K.L.:
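Before anything else, here's the structure in question.
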Amino acid sequence: EDKVVQSPLSLVVHEGDTVTLNCSYEVTNFRSLLWYKQEKKAPTFLFMLTSSGIEKKSGRLSSILDKKELSSILNITATQTGDSAIYLCAGGTSYGKLTFGQGTILTVHP
Amino acid sequence: DSGVTQTPKHLITATGQRVTLRCSPRSGDLSVYWYQQSLDQGLQFLIQYYNGEERAKGNILERFSAQQFPDLHSELNLSSLELGDSALYFCASSVAPRGDEKLFFGSGTQLSVL
């Protein structure tokens, strides 16, 4: 059975800190690794990674995939209170299925 | 706003009842996905439809069924409801049939079974 595990489950930091969220996956017919941010309700797309070692960046957020280690990290620099959310990682397959991890709850205090 | 519309936003019902959740995908998206999110299980994939046809199935109970209509909206039917079915049900859509691409999620239907 496909499995995605995220760590830590919860993280509390102060504004300005840098955080690293981890995601490891065991997904048959793996094709892509996706990161989502879930604030109040609907998860919103952050990144999709398909190639190992290529960093994707969007402002203060960046992510990279390591296919050899079956893992990915999401970095957030200079955190702000608006970054407080649940960050979800998901493994995608070539036949159409996303397996989500349980999420990392990030709380940023002012 | 993702462009995916789900109704109702909240639903409170009793055990043994049947409910229908509705989803309208983003304009132009042919794929619709249903996910269940509970506190202890995280986001669980239930089922995917592409252009009216079932494409992939996940951990969907036999008491649950779904369909996608010619206008591409989708409905998720939950019957013989149990307390454990209480969860947030998301619909998501995408252009392509592959489920491993960027999905746009609706705001979800919060189902409470009492």
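A note on names: the letters A, B, ... follow the listed sequences, proteins ahead of strands, and every chain is numbered from 1. For clarity, every value in this text was computed on a predicted model and none was experimentally measured.
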K.L.:
Does a donor on one side chain and an acceptor on the other come within less than 3.5 Å for B:S94 and B:Y33?
P.N.:
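Yes.
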
K.L.:
Side chain, backbone, both or neither: which part of A:L88 has a non-hydrogen atom closer than 4.5 Å to chain B?
P.N.:
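The side chain, not the backbone.
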
K.L.:
Checking heavy atoms, do the side chain of B:L88, its backbone, both or neither come under 4.5 Å from chain A?
P.N.:
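Contact with chain A: side chain only.
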
K.L.:
Taking atom CD as the centre, does A:E55 end up with more than 12 heavy-atom neighbours from other residues, nucleotides or ligands that are less than 6.0 angstrom away?
P.N.:
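Check passes, neighbour count above 12.
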
K.L.:
Quick one about A:Q38 and B:Q37 (side-chain donor to acceptor, distance below 3.5 Å, no hydrogens or angles considered), yes or no?
P.N.:
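Distance-only check passes for B:Q37 and A:Q38.
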
K.L.:
Please look at A:F47 and chain B and tell me whether the side chain, the backbone, both or neither of the residue comes under 4.5 angstrom of a heavy atom of that chain.
P.N.:
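Contact with chain B involves no heavy atom of A:F47 at all.
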
K.L.:
Looking only at side chains, do A:N75 and A:T20 share a donor and an acceptor under 3.5 Å apart?
P.N.:
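Yes, a side-chain donor-acceptor pair sits under 3.5 Å.
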
